[in-house]
Amino acid sequence: MSERREFSDADAGFVLSTLEPDQLAEAMRVAVPRRKLRGGELALLWALRVYVVFMMAVVFWQAWMAAR
Amino acid sequence: MSQSWTVDSGEGDASAVVHKGRRGAQKISHQSRAGMSVGAQTGNKSRVATQVRVADAVVVTHEDIDRAQDRARVRAARMAHGLRAKAWLLWLLIGPGILVMLGENDGPSMLSYAATGATYGLGFFLPFVVLTFAMALVVQEMTVRLGAATHRGHAELIFERFGPFWGWFSMIDLGIGNFLTLITEFIAVRAGLGFFGVSPWAAILLALVVLYSALLSHRYWTWERLTLAAAAFNLIFIPVALMTHPPWSAVAHSFATWQPVPALNKNMVLIVLSDIGATVTPWMLFFQQSATVDKGMTIKDIHFGRFDTALGAALAAAAALGAIVVTAPLAEHISAGNFEAAQFAQALEPVIGHAGAALFALGMVEAGVVASITISISSAYAFGEVARKPHSLNLPVGEGKAFYAVLGLCSAAAGIVLIPGLPLVFVVLVVNVVAVLAMPPALVFLYLLVNDREIMGGVESPRWANVLAGTVVALLTAAGVLYGVSVVAPQALAWLGGR
């Protein structure tokens with residue numbers, strides 16, 4: 001069942017006078033423009049990704065050994 | 001025919017035109033004072049994140065009305081004068097920081113602190129735990145600024161700013177961490193209530209009832225105040241610690257000298273990782289930023305958000321120190337490695353009596369219940385942001401089906417606790433380690449976002465904050481590497497001065 005209710009003009013005026021425009025739920029649906037990652041940033045992110053994957057493997061290996 | 005008028009926006013700098021559309025929905029188009037297509041501006045720095053074209057229409061929702069009501073109270077309090085008005089304003093604006101910090105004092109965290117005290121007593125780990133909360137404060141303050149400046153959640157900013165490839169990596173880290181952590185929260189609830197003879201089924205059912213009751217209001221403000229009230233019970237570890245009549249001179253010596261430092265070995269490294277993971281985890285970033293947005297905080301509120309986070313860190317650190325102090329008398333008398341909450345409580349009975357042990361067990365229950373609420377909410381926020389579904393605690397169920405469905409899915413973790421024969425204690429020990437390992441990449445995204453001039457509206461990180469953030473990343477990575485060495489090549493710890 002839809003719970004959407006009808007709002008009065010006063011409600012709309014109240015919302016607009018109180019919230020910043022980009023705080024409206026509808027405004028938040030507008031996508032933030034993409035930004036290009038620089039070479040150094042990409043290298044750092046990839047290095048940390050390899051680190052996480054390797055370390056997770058270590059954790060699960062330890063869990064496997066403990067379970068045995 | 002649509003009806004329209006222009007309204008001065010109270011907290012923003014833009015004006016807006018409202019067109020009354022069909023079926024009662026209000027369509028609103030934004031128009032900046034400069035007459036250009038910018039949703040919000042701060043000084044001369046427009047935020048590309050929030051651009052809405054003049055021609056675009058926006059629907060006023062139930063979520064907007066609720067948020068506007070909260071913000072209207074903040075505006076009224078800000079305009080009032082006097083100490084009482086300032087205190088009221090502070091009361092209105094605190095919440096996400098305290099909740100995230102006390103929420104992170106969760107089941108596995110309190111077990112980790114209890115195991116720390118019971119294994120090593122007082123000494124190195126007392127100041128070390130304070131240091132970990134200082135790290136958490138540095139990290140979480142960035143999420144306050146990011147949420148207040150962009151009005152966007154953490155997950156959506158990563159997805160939209162860096163693309164879905166990196167976004168999905170973050171979500172996978174968050175998903176695995178949250179699911180494992182949720183399991184441990186229900187373990188804590190089960191074990192804590194087990195002290196009172198409550199069956200596992202009844203304990204889990206009770207936890208789920210509390211989890212869903214907190215959501216019934218469909219109102220962020222009510223949810224926040226109810227959860228804050230529940231989270232305050234985390235401070236029960238402080239009076240319980242006082243019941244042990246702690247040796248204050250030894251406590252002071254620990255803080256002054258960080259001594260004695262335990263021998264560097266596999267167990268010590270695990271405790272170090274576990275205590276770090278007890279204070280800084282990925283879900284905290286996602287939760288506090290999204291909660292800051294849902295609460296409607298703006299750039300004007302950032303210093304209140306900082307205070308909120310610092311107060312939360314101080315309270316949570318006090319509770320954590322309480323858990324270490326209370327179990328310190330058990331050091332060298334028990335092997336705490338495989339202890340569950342109820343066993344800690346039982347072991348403490350000779351030290352603090354049945355009443356004290358019961359309070360300790362109740363503290364564990366609270367830790368599990370509050371964290372299960374905050375972690376579930378962080379999952380639902382992140383899912384909603386990524387799937388571009390409505391995501392707010394101000395949403396009625398009908399408008400936020402996906403948001404509330406994710407919260408329902410989180411309760412699946414409760415079912416796992418009831419499967420007989422699973423190595424639950426091991427999950428508890430591992431979950432904080434997983435959190436520490438996942439933090440460095442999460443912090444790099446946070447660092448990049450909080451220094452992004454195009455979205456931060458003039459509140460980017462100053463240099464000193466960047467140095468602190470970089471130090472936290474380096475420390476967490478080093479701790480993770482140390483853990484890896486202790487598992488893969490434990491003999492190598494001897495080279496580092498271990499035994």
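Letters go in sequence order (proteins before strands), and every chain restarts at 1.
Both the backbone and the side chain of A/L45 have a heavy atom closer than 4.5 Å to some heavy atom of chain B. In this structure, chain A has no heavy atom under 4.5 Å from any part of B/E385. For chain A, the nearby part of B/F165 is the side chain; its heavy atoms alone come within less than 4.5 Å. Only the side chain of B/R388 comes within contact range of chain A, with at least one heavy atom under 4.5 Å from a heavy atom of that chain. No part of B/V473 comes within reach of chain A, as not one of its non-hydrogen atoms sits under 4.5 angstrom from that chain. Interface remark: B/M297 contributes backbone atoms only to the contact with chain A (heavy atom separation under 4.5 Å). Using a 4.5 Å cut-off between heavy atoms, B/N394 does not touch chain A at all. Neither the backbone nor the side chain of B/S392 comes within contact range of chain A, judged by heavy atoms closer than 4.5 Å. Looking at B/D452, the atoms closer than 4.5 Å to chain A (heavy atoms on both sides) all sit in the side chain, from C-beta outward. Proximity to chain A (any heavy atom under 4.5 Å) is shown, for B/V487, by both the backbone and the side chain.
With values rounded to the nearest 0.5 angstrom, A/M55 atom CE is found 10.0 Å from B/T477 atom OG1. A/L37 contributes atom CG, which lies 6.5 Å from atom CG of B/L448 (distance to the nearest 0.5 angstrom). Put simply, CD1 on B/I176 and CE on A/M56 are 6.0 Å apart, with the number rounded to the nearest 0.5 Å. To the nearest 0.5 Å, atom CZ of residue B/R71 and atom OG of residue A/S17 are 12.5 Å apart. With rounding to the nearest 0.5 angstrom, the CZ atom of A/R34 is 10.5 Å from the CD atom of B/E160. The structure places CD of A/Q23 at 6.5 Å from OG1 of B/T298, a figure rounded to the nearest 0.5 Å.
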Quiz item: Yes or no on side chain to side chain contact (heavy atoms under 4.5 Å, CB included) for B/V60 and A/D11, after CA distance, side-chain angles and deciding distance?
Solution: CA-CA 9 Å; B/V60 171; A/D11 284 334; 5.7 Å; no
Quiz item: Can you list the steps and then say if B/L437 with A/F54 is a side chain to side chain contact (heavy atoms under 4.5 Å, CB included)?
Solution: CA-CA 10 Å; B/L437 299 178; A/F54 175 75; over 6 Å; no
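Checked by atom type, the side-chain pair B/Y483/A/Q62 shows a donor-acceptor distance below 3.5 Å.
Chain A forms the most heavy-atom pairs under 4.5 Å with one residue out of B/L395, B/V481, B/V444, and that residue is B/V444. For chain B, the option among A/K36, A/E41, A/R35 with the highest count of heavy-atom pairs below 4.5 Å is A/R35.
Here the side chains of A/L42 and B/W166 are in contact, with some heavy-atom distance below 4.5 Å.
Considering all non-hydrogen atoms of both residues, A/Y51 and B/L476 come closest at OH-O, 3.9 Å. Nearest heavy atom pair, residue A/F14 against residue B/I65, reads CE2-O, 4.3 Å. What you find for A/L24 and B/D64 is that their closest heavy atoms are CA-OD1, 3.3 Å. In plain terms, the two heavy atoms of A/T18 and B/A68 that are nearest each other are CG2-O, 3.2 Å.
At distances below 3.5 Å, at least one donor-acceptor pair connects side-chain atoms of B/R161 with backbone N or O atoms of A/P33. With hydrogens and angles disregarded, no donor-acceptor distance shorter than 3.5 Å links the side chain of B/R67 to the backbone of A/L19. Remark: side-chain polar atoms of B/E63 are not paired, donor with acceptor, to backbone N or O of A/A25 under 3.5 angstrom.
Annotation: cation-pi pair A/R49/B/F169 present, NZ/CZ under 6.0 Å from the ring centroid and within 45° of its normal.
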